[in-house]
Amino acid sequence: MPILWLFLIVAAISVVGYVMGRSRALQSAGGDIRGLHSLPNFYGANVMLKTMVPAFGLLIIWLLVQPLYVNSQVSGMIPDTAIKEGSSRSLVMAEVRRAASGLDAAVSQGQLPASVARDPNADVAVVTQGLKDAGQVVTSEITQPILNAAQSYTSMNAVGYSAMSVVVILLALAGAAIGWWQTHADYRARNVVEQGVRVLLLAAASIAILTTIGIVLSLVFNTWEFFKLYPASDFFFGTTWSPSFSGRGGSSELGIIPLLWGTFYISIVALLVAVPIGLFAAIYLSEYASPRVRAFAKPLLEVLAGIPTIVYGLFALLTVGPLLLDVFGDNGLGWMKAGTAVMTAGLVMGIMLIPFVSSLSDDIINAVPQAMRDGSYGLGATQSETIRQVVLPAALPGIVGAILLAASRAIGETMIVVLGAGAAARLSLNPFEAMTTVTAKIVSQLTGDADFASPEALVAFALGMTLFILTLGLNVFALYIVRKYREQYE
Amino acid sequence: MNDMSRVERQVDTNSIKLECRDCQVYYGDTHAIKDVNVDIEDKTVTAFIGPSGCGKSTFLRCLNRMNDTIDIARVMGSFKLDGEDIYDKRVDPVQLRAKVGMVFQKPNPFPKSIYDNVAYGPRIHGLAKNKAELDEIVEKSLRRGAIWDEVKDRLDAPGTGLSGGQQQRLCIARAVATEPEVLLMDEPCSALDPIATAQVEELIDELRSRYSVVIVTHSMQQAARVSQKTAFFHLGNLVEFGETGQIFTNPEDPRTESYITGRIG
């Protein structure tokens, strides 16, 4: 039974349960709503919850667990002799799964009689021919063990799915019955539904957290694999980044320092652009601008935040790069060789960050109580003295938090770097030279044709992990500062 | 205004510091202050009383042009500090506020150290030539604010860490530090407990020897305790202005009598 049908059946049961629960509640109170503990809809919702939550919960768990269970059972059936030299059990299992889905497809297309496909003693040659006729991808000859494994894979899955359908529907019915049986004028359906809402919200929050943990774990395992192949000290302290592109060569030098330096340098340039401009813009908007100007200018400034970074990258490549080259290139001061440089990417990234700094700082400056400003004006201070000596010091921790958040954006930025700063990993102090960052290198290492198990590809995960820890640290630090600031006026 | 004659009689005894004539204030379309005439005398505590929203705080804020910071407020009429119109184009509101200091309803120390809070005004106006002079001003102001003994050992501690009453006295010390000629106080005790209120009231009485103090208050007992002159505001009008004792014992206007006996407001 397709899962969609199962889903619809459970939904239908729950709707019926809703209606029945509601009417039973009304009935138990003799038709008078005031005799009920909760409104009738809560009784209906209670039955609905008790139908849907256990049934769908079980469905999800079953869907997650069954493939694992079937895989481990089937892979236990494959004898060691069936695993060829240089291959592995997981590769054979992939072949088994391919064969199983191929058999299903061949049977449904009529190229292979169902009886043959299910027969454990079927002629391997016939089966292979049937699969080929059905246009299914068969890597090599289907062997007897693989055929048997594929057959039991199919049958176990079929049994599993029918069992799942039955159990889920039974559970839904049982849930509806319990909910219906509980329904009575005194039953506190409202409180139960309230609990249900709470759990729903909790589930949403935990999915977000679990995803973060999942991301970290996927990074950790691959990073671990990388450090088994490549010494950690060379990675962290190596000053050369030159991966070999042959894929299996051992001549790669994968030192992170040039990449970190590029990341750091470009981010610094970006922040040098974004922090003063963003901060001054925020001060103007919150302290000097009239409400009309503010209502008009603030959304306009925030539009900058909505521009996709690839568009900023194009701006860097096509406009800022050539412009800088005119001034600092061979025709001008002669410091710059090509349009792609730290300066190009940094300037454009800085423009991208202006709305982050200005919008957050503006909110923070507005949060400084008017009483502070009044106090300062009352002592005969001018507006700029008040801002410099009272408002900004009071808002400083929050502004630092905003700057740190902008910094972690800068560190994680990729597209502007790819298009604006070039691809050469280099340790240099000249801001008019091409450099590259950690993120840009992650992209190029994973989109190349290197073997996925080689250090050249796995290094991307180590780079990602390093970056993750750096930005996480920055974010935690920023949040800590922002929170400390919040306590000040309460 | 039949009490005007009596007010003018007292010019002989105490000179007029701040003379306000035909004052009008509009907030957008709202006429918040209507035809108010008040004379604030030197070295006198003048109390403004009246029900909430009657315009007494608004009027107070006219006296040091704090209403300039509110976009929609318009002030008209003549306000003369020592005979000079404070709304004249040549007068810098910033300089004026140094002469007419202000203490607010809620204690609002800056998030700085106690020392820096008091030194803020003198630093801005360049009142001290060097660190020693500044130290002297800070100590003198804190003594006048009647808080020196409580904070002298922790001048580097943040001003926000003090108790509410201490914070308010710190704010008074801060206002005193710029050597103002008039001190405006907008309900300075409404956020304080009775003990702190008593300390601040005592302080106000001491300040009278040097400054002209104008205090807005909701507490009629407080007005009676600290002030020599009292003005009663109602719905944007100045209803009655005169000797505090006169206002509280023998008011001329029936509205004043109703208010001080608790029947309106």
Side-chain angles (χ1 to χ4, degrees), chain A residues 279 283-298 361-402 480-490, chain B residues 57 60-61 63-72 92-113 116-127 141 158-161 167-168 170-180 183-186 191:
Chain A
L279 198 55
I283 291 173
Y284 173 74
L285 283 179
S286 59
E287 299 286 328
Y288 289 93
S290 70
R292 268 178 52 208
V293 172
R294 187 181 147 85
F296 167 78
K298 203 180 177 203
S361 306
D362 181 45
D363 291 345
I364 290 156
I365 290 173
N366 273 329
V368 174
Q370 183 62 30
M372 292 290 140
R373 298 185 184 94
D374 283 349
S376 176
Y377 294 144
L379 291 171
T382 62
Q383 199 163 12
S384 79
E385 282 167 343
T386 303
I387 292 166
R388 221 171 42 239
Q389 304 200 25
V390 176
V391 177
L392 283 187
L396 191 65
I399 290 170
V400 171
Y480 166 76
I481 284 178
V482 170
R483 191 163 307 164
K484 210 174 153 193
Y485 160 77
R486 270 201 200 122
E487 288 165 357
Q488 214 162 41
Y489 297 113
E490 282 166 11
Chain B
S57 291
L60 188 77
R61 290 167 65 95
L63 302 183
N64 68 343
R65 294 185 64 173
M66 276 302 273
N67 284 331
D68 289 15
T69 61
I70 301 169
D71 290 333
I72 57 164
D92 182 4
V94 169
Q95 288 301 318
L96 171 73
R97 287 181 204 135
K99 271 198 254 173
V100 185
M102 188 155 191
V103 175
F104 296 83
Q105 184 171 1
K106 235 181 110 191
N108 58 350
F110 302 133
K112 302 168 179 284
S113 72
D116 287 338
N117 260 287
V118 180
Y120 183 83
R123 273 184 184 143
I124 282 180
H125 301 295
L127 299 183
S141 308
T160 43
Q167 285 189 10
Q168 193 63 300
L170 174 65
C171 291
I172 294 173
R174 190 176 70 181
V176 166
T178 51
E179 294 288 344
L183 199 54
L184 309 178
M185 297 184 159
D186 190 356

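What you see is a predicted model, and the numbers here were worked out from it, not measured in a lab.
Contact of B:Val100 with chain A is made through the backbone alone, with heavy-atom distances under 4.5 Å. Contacts between B:Tyr120 and chain A at a heavy-atom distance below 4.5 Å involve the side chain alone, from C-beta outward. For A:Ser290, no part sits under 4.5 Å from any heavy atom of chain B, backbone or side chain. The contact between B:Arg174 and chain A is made by backbone and side chain atoms together, counting heavy-atom distances below 4.5 Å. For B:Pro180, no part sits under 4.5 Å from any heavy atom of chain A, backbone or side chain.
Open room surrounds NZ on B:Lys99; 12 or fewer heavy atoms of other groups in view lie less than 6.0 Å from it. Surrounding OH of A:Tyr288 are more than 12 heavy atoms belonging to other residues, nucleotides or ligands, all under 6.0 Å away.
Side-chain contact check for B:Lys106 versus A:Pro369: every heavy-atom pair is 4.5 Å or farther apart. Contact check for A:Arg373 versus B:Asn108: no side-chain heavy atoms found under the 4.5 Å cut-off.
The minimum heavy-atom distance linking A:Val390 with B:Phe110 is given by the pair CG1-CD2, 3.6 Å. The two residues B:Pro111 and A:Met372 make their nearest non-hydrogen contact at CD-SD, 3.6 Å. Shortest non-hydrogen contact noted between B:Ile124 and A:Gln389 is CG1-NE2, 4.5 Å.
For B:His125 (side chain) and A:Leu379 (main-chain N/O), a donor-acceptor pair under 3.5 Å exists by modelled atom type. A donor-acceptor contact shorter than 3.5 Å is absent between the side chain of B:Lys112 and the backbone of A:Ala394.
Between the CG atom in A:Asp374 and the CD1 atom in B:Ile70 there is a gap of 7.5 Å [rounded to 0.5 Å].
Counting heavy-atom pairs closer than 4.5 Å to chain A, the top residue among B:Met66, B:Gln105, B:Met102 is B:Met66.
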